[in-house]
Amino acid sequence: MAIQRTFSIIKPDATKRNLTGKIISKFEDAGLRVIASRRIQMTREQAEGFYAVHKERPFFGELVDFMISGPVVIQVLEGEDAIAKNREVMGATNPENADAGTIRKEFALSVGENSVHGSDAPETAAEEIKFFFKDEEIVG
Ligand code: CMP
């Protein structure tokens, strides 16, 4: 498998509980490298734009409100098969369905407050990275 890049967000429920380092360790232990990182307070416009694909979902308003409820850490992760590997380390979206040892099983509070976001495909990874990072901010 090729070296890939993926986009990750450590969400407000995790930053509030000071879990940033523990979550990054899970990525690094799985062979993923943090090649860009920034802690930000997302604006409503950014959250609505980032999650535009979910605009028609009943939980969209709740999702946007949550994502701007506190700081998030946005990152680019690089590694062998990074997109699938990151999704494996995160576990299922709903922590009730997540495997033991995954980030969401250990840390997530609910399907909404689920501690992390990760890109689901190469095209979305490229779009999501571009949404938040300039090329010169990514140092592989
Ligand atoms: P994420 O990977 O960030 O992409 C979309 C998010 O929507 C997802 O993680 C969940 O946190 C959130 N989500 C999915 N289903 C629900 C739901 N039923 N209620 C609230 N949030 C949801």
Side-chain angles (χ1 to χ4, degrees):
M1 241 300 170
I3 298 288
Q4 288 179 328
R5 290 179 175 181
T6 192
F7 179 74
S8 165
I9 306 177
I10 301 177
K11 296 187 179 184
D13 68 285
T15 61
K16 270 183 201 145
R17 287 177 291 146
N18 213 18
L19 295 170
T20 302
K22 285 201 173 91
I23 289 173
I24 294 171
S25 285
K26 295 254 192 207
F27 297 145
E28 291 182 339
D29 289 349
L32 296 167
R33 183 179 297 272
V34 179
I35 60 167
S37 185
R38 194 159 76 235
R39 181 176 167 104
I40 61 167
Q41 171 63 54
M42 243 190 234
T43 64
R44 182 169 292 278
E45 292 66 35
Q46 280 176 318
E48 285 175 352
F50 182 79
Y51 280 119
V53 66
H54 296 302
K55 213 166 48 203
E56 306 305 330
R57 302 278 193 103
F59 57 81
F60 182 68
E62 193 185 315
L63 173 60
V64 169
D65 286 346
F66 167 60
M67 292 302 290
I68 64 172
S69 69
V72 298
V73 177
I74 52 172
Q75 300 188 305
V76 180
L77 307 177
E78 186 178 76
E80 193 78 23
D81 207 7
I83 294 166
K85 195 172 282 177
N86 182 37
R87 294 178 72 75
E88 211 178 287
V89 175
M90 289 193 298
T93 304
N94 186 339
E96 285 177 18
N97 304 326
D99 289 339
T102 60
I103 291 169
R104 285 166 172 159
K105 187 67 182 187
E106 283 189 22
F107 303 131
L109 302 173
S110 64
V111 67
E113 295 188 296
N114 66 350
S115 303
V116 280
H117 164 82
S119 310
D120 61 4
E123 302 72 34
T124 43
E127 281 169 24
E128 291 177 359
I129 290 169
K130 215 167 165 192
F131 192 90
F132 282 109
F133 287 103
K134 300 188 183 115
D135 283 349
E136 62 266 31
E137 293 175 312
I138 305 168
V139 183

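Order of appearance sets the numbers: ligands from 1, and atoms from 1 within every ligand. These numbers come from the heavy atoms of this one structure, side chains and all, not from hydrogens, waters or symmetry mates.
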Residues forming a ring-ring contact (aromatic ring centres under 6.0 Å, His included) with Phe7, sequence neighbours excluded =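 Applying ring-ring contact (aromatic ring centres under 6.0 Å, His included) to Phe7 gives Phe50, Phe132.
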Atoms in ligand 1 with a heavy atom of Asn114 nearer than 4.0 Å |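 Close to Asn114: 9 (O), 10 (C), 11 (O).
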Below 4.0 angstrom from a heavy atom of Glu62, which ligand 1 atoms are there? Numbered from 1 as shown, please.
->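 Listed by number with element: 20 (C).
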Strictly distance-based, threshold 3.5 Å: is any side-chain N or O of [X] a donor or acceptor partner for the main-chain N or O of [Y]?
X: Arg104; Y: Val116; result: yes
X: Arg5; Y: Ile35; result: no
X: Gln4; Y: Ile83; result: yes

Less than 4.0 Å between a side-chain N and a carboxylate O, is that true for Glu106 and Lys22?
->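 No.
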Tell me which part of [X] gets within contact of ligand 1: side chain, backbone, both or neither, using heavy atoms under 4.0 Å.
X: Arg104; result: side chain
X: Leu63; result: side chain
X: Lys11; result: side chain

Could you name the option among His117, Glu113, Met67, His54 that has the heavy atom nearest to atom 1 (P) of ligand 1?
->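 Ranked by closest heavy atom to atom 1 (P) of ligand 1, first place is His117.
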Proximity winner for atom 18 (N) of ligand 1, if only heavy atoms of Tyr51, Phe59, Phe66, Phe60 are counted =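 Nearest option to atom 18 (N) of ligand 1, by heavy atoms: Phe59.
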Common cluster, Met67/Phe133, ILVMFWY with side-chain heavy-atom separation under 4.5 Å |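 Looking at the clustering, Phe133 is in the same group as Met67.
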Nearest neighbour in protein (non-hydrogen) for atom 11 (O) of ligand 1 =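 Looking only at protein heavy atoms, the one closest to atom 11 (O) of ligand 1 is Val111 O, 2.9 Å.
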